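Here the structure is laid out as structure tokens; the discussion comes afterwards.
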Amino acid sequence: MMNPRKVLDRVLVLEMVRVTEAAAIAASTLVGRGDEKAADAAAVEAMRAALNELEMDGTVVIGEGERDEAPMLFIGEKVGSAIGSGPKIDIALDPLEGTTITAKAGPNALAVLAVAEEGNLLNAPDVYMDKLAVGPGYPDGIIDLAKTPTENVEAVARAKGVTPADIIVCVLDRPRHEKLIAELRGIGCGIMLIPDGDVAGVIAVTNPETTIDMYMGSGGAPEGVLAAAALRCVGGQFKGRLLFRNDDERSRARKWGITDLDYIYDLKELAKGDCIFAATGVTDGSLLDGVKRLPNGKMTTESVVMRASSGTVRWVRGEHRKAS
């Protein structure tokens with residue numbers, strides 16, 4: 001079997017940035033236009049076209065999902081210019097993470113993508129996931145979904161040598177998180193509430209400049225796999241547990257091969273082996289600047305690309321101009 005490192009070497013790391021850049025640029029033409037579906041569709045088509053230029057036999061294992069009524073890069077779709085002959089790559093993607101954000105010109109909309117050798121990304125069903133994340137530099141096992149939010153914050157604070165009042169937690173601003181928010185504020189914890197885009201929220205713990213120490217709360221399971229791939233590249237920690245609202249969701253999970261519905265997934269169970277994560281900003285955010293259109297017809301993009309095997313994080317600023 002081909003060495004996993006060589007498999008991903010053949011799908012050049014920086015080529016992943018070209019894919020997310022294409023999706024971000026396409027989506028940026030619809031920032032603030034109030035049309036979520038059109039923005040998503042533009043990003044999807046641009047990302048599909050860019051993926052199909054790469055010499056690989058790619059399979060989408062985390063795709064648009066059935067919740068988005070838009071043209072999809074669907075789960076199971078084959079992409080790449082060497083289907084049947086190229087390196088077999090699993091792909092998790094969200095061409096526009098933050099469709100509502102984009103439509104309203106809000107912060108932290110991203111085009112995101114993760115790739116790994118075949119079989120190394122969890123094929124998560126489109127349900128909610130309870131998520132808990134912290135960045136690199138902490139002892140293994142410092143966070144645990146079996147513990148309370150207070151216990152997790154206190155553990156991170158002790159390891160950091162500060163009090164819980166010095167910890168900032170990112171939480172998705174949703175009614176379902178009212179009790180979580182109340183508990184965190186009860187111990188004096190700072191909370192950064194975000195309107196959408198929990199992939200960006202989780203990834204923010206990887207960069208000290210965001211000042212976010214932890215991520216807590218529930219969001220989409222596919223987005224959890226994408227975020228876990230990013231943390232896998234920089235040595236952070238992530239815990240995820242699938243949440244089911246009804247018997248239909250439980251049945252779908254079993255059809256996807258998930259037998260223990262209460263299982264708590266570790267980072268390396270969501271994204272195994274070597275993997276590459278790339279993201280490009282669509283709108284300005286805590287991690288990346290959005291697409292900027294300059295008076296001379298040029299555009300600039302800001303991206304980050306990470307790789308697990310090397311622990312490398314590259315920040316990429318691109319300058320683009322329309323082909324004549």
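Just so you know, these numbers come straight off a predicted model, no measurement behind them.
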Heavy-atom nearest pair, Ile264 first then Ala146, reads CD1-N, 4.1 Å
Say you draw a straight line from CG of Leu242 to OH of Tyr263; how long is it, rounded to the nearest 0.5 Å? 11.5 Å
Which pair of heavy atoms, one from Ser303 and one from Thr280, lies closest together, and at what distance? OG-OG1, 2.6 Å
Mind checking the CG-CD1 spacing from Asn52 to Ile83? Nearest 0.5 Å is all I need. 6.5 Å
Looking at side-chain heavy atoms only, is the closest gap between Cys189 and Val169 below 4.5 Å? yes
Flag side-chain contact, heavy atom, 4.5 Å: Asp130 against Lys239: no
State whether Glu302 and Arg317 are salt-bridged, where the test is any N-O pair (Lys NZ or Arg NE/NH1/NH2 against Asp/Glu carboxylate O) under 4.0 Å. no
Hphob cluster co-occupancy, Val61 + Met16, side-chain heavy atoms under 4.5 angstrom: no
Cluster question for you: counting only ILVMFWY and a side-chain heavy-atom cut-off of under 4.5 Å, with indirect links fine, are Leu287 and Met306 together? yes
Could Arg232 and Phe238 be counted as a cation-pi pair, given that NZ or CZ must be under 6.0 Å from the ring centre and within 45° of the axis? no
Check whether Asp35 reaches the backbone of Ala38 with its side chain - one donor and one acceptor, N or O, closer than 3.5 Å. yes
Show, in sequence, the C-alpha distance, side-chain angles and deciding distance for Leu96 and Val282, and conclude whether the side-chain contact (heavy atoms from CB on, under 4.5 Å) test is met. CA-CA 8 Å; Leu96 182 55; Val282 177; 3.9 Å; yes
Under a 3.5 Å cutoff, is there a donor and acceptor pairing between the side chains of Thr300 and Lys292? no
Just one of Thr102, Ile101, Asn108, Thr99 clears the side chain to side chain contact (heavy atoms under 4.5 Å, CB included) bar with Asp196, so which one? Ile101
Would a single hydrophobic cluster contain both Ile91 and Leu121, if residues Ile, Leu, Val, Met, Phe, Trp and Tyr are joined by side-chain heavy-atom contacts under 4.5 Å? no
Does Arg176 CZ have over 12 foreign heavy atoms under 6.0 Å away? yes
When you measure from the side chain of His320 to the backbone N and O of Lys298, does any donor-acceptor pair fall under 3.5 Å? no
Report yes or no: do Glu36 and Thr100 form a side-chain donor-acceptor pair below 3.5 Å? yes
Val112 and Met47 have their tightest heavy-atom pair at O-CE, 3.8 Å
Within a strict 4.5 Å, meaning less than it, do heavy atoms of the Thr150 and Glu154 side chains meet? yes
Indicate yes or no: does Asp198 engage Lys131 in a salt bridge with an N to O separation below 4.0 Å. yes
Looking at Thr210 and Ala204, would you say the former's side chain and the latter's main chain have a donor-acceptor pair under 3.5 Å? yes
Would Arg293 and Ser28 count as having a side-chain donor-acceptor pair, cut-off 3.5 Å? yes
Cationic N near anionic O, under 4.0 Å, Glu117 to Lys272: no
Nearest 0.5 Å, please: how far is CD1 in Ile191 from SG in Cys170? 10.0 Å
Would you say the side-chain atoms of Thr163 and Asp166 include a donor-acceptor pair closer than 3.5 Å? yes
Please evaluate residues Val79 and Leu73 with respect to the criterion side-chain contact (heavy atoms from CB on, under 4.5 Å), reporting the C-alpha separation (whole Å), side-chain torsions for both, the decisive distance (0.1 Å), and the verdict. CA-CA 9 Å; Val79 292; Leu73 271 160; 4.2 Å; yes
Does the side chain of Cys275 come within less than 4.5 Å of Cys233's, by heavy atoms? yes
Write down the atom of Glu97, the atom of Asp94, and the distance for their closest heavy-atom approach. CG-OD2, 3.4 Å
Could you give the distance from NZ (Lys268) to CG (Leu231), rounded to the nearest 0.5 Å? 12.5 Å
Other residues, nucleotides and ligands only: do more than 12 of their heavy atoms fall within 6.0 Å of CE on Met192? no
Looking at side-chain heavy atoms only, is the closest gap between Val225 and Tyr265 below 4.5 Å? no
I'd like to know if Arg241 pairs up with Asp262 as an ion pair, taking the criterion as any Lys NZ or Arg NE/NH1/NH2 lying under 4.0 Å from an Asp or Glu carboxylate oxygen. no
Can you find a side-chain donor-acceptor pair between Tyr128 and Glu249 that sits under 3.5 Å? no
Side chain Asp284, main chain Gly290, donor-acceptor under 3.5 Å: yes
Measuring only between side-chain heavy atoms, which start at C-beta, is Arg307 closer than 4.5 Å to Asp274? yes
Donor-acceptor under 3.5 Å (Asp57 side chain, Ala82 main chain): no
Value for CD1 (Ile258) from CG (Asn123), rounded to nearest 0.5 Å, stands at 8.0 Å
Checking Leu226 against Ile203 for the side-chain contact (heavy atoms from CB on, under 4.5 Å) test, could you report, in this order, the C-alpha distance in whole Å, the side-chain angles of both residues, the deciding distance, and whether it holds? CA-CA 9 Å; Leu226 276 163; Ile203 298 171; over 6 Å; no
On a heavy-atom basis, which atom in Ala23 and which in Pro95 lie closest, and how many Å separate them? CB-O, 3.8 Å
Is the side chain of Asn152 donor-acceptor paired with the backbone N or O of Asp144 at a distance under 3.5 Å, no angle test? yes
Assess whether a salt bridge exists between Arg250 and Asp247, defined as any Lys/Arg side-chain N lying under 4.0 Å from an Asp/Glu carboxylate O. yes
Measure across Gly201 and Ile194 and return the closest heavy-atom pair with its distance rounded to 0.1 Å. CA-CD1, 4.1 Å
Donor-acceptor pair, distance only, cut-off 3.5 Å: does the side chain of Glu45 make one with the backbone of Ala42? no
Hey, is Arg18 close enough to Glu15 for a salt bridge, meaning N to O under 4.0 Å? yes
Assigning hydrophobic clusters by single linkage (Ile, Leu, Val, Met, Phe, Trp, Tyr; side-chain heavy-atom cutoff under 4.5 Å), is Leu270 placed with Leu243? no
Side chains of Arg48 and Val44: does their closest heavy-atom pair fall under 4.5 Å? yes
Distance-only, no hydrogens or angles: does the Glu53 side chain make a donor-acceptor pair with backbone N or O of Ala50 under 3.5 Å? no
Flag the pair Arg314 / Val17 as yes when at least one side-chain heavy-atom distance between them is below 4.5 Å, and no otherwise. no
So, the side chain of Glu151 versus the backbone of Thr148: is there a donor-acceptor pair under 3.5 Å, distance only? yes
Measure the CG-CD1 distance between Leu132 and Ile143 for me, rounded to the nearest 0.5 Å. 4.0 Å
Tell me whether Lys78 at atom NZ has more than 12 heavy atoms from other residues, nucleotides or ligands lying less than 6.0 Å away. yes
Would you sort out whether Leu267 and Gln237 count as a side-chain contact (heavy atoms from CB on, under 4.5 Å), showing the intermediate values? CA-CA 6 Å; Leu267 178 67; Gln237 297 181 50; 5.7 Å; no
For Asp90, is there any backbone N or O sitting under 3.5 Å from a side-chain donor or acceptor partner on Thr59? no
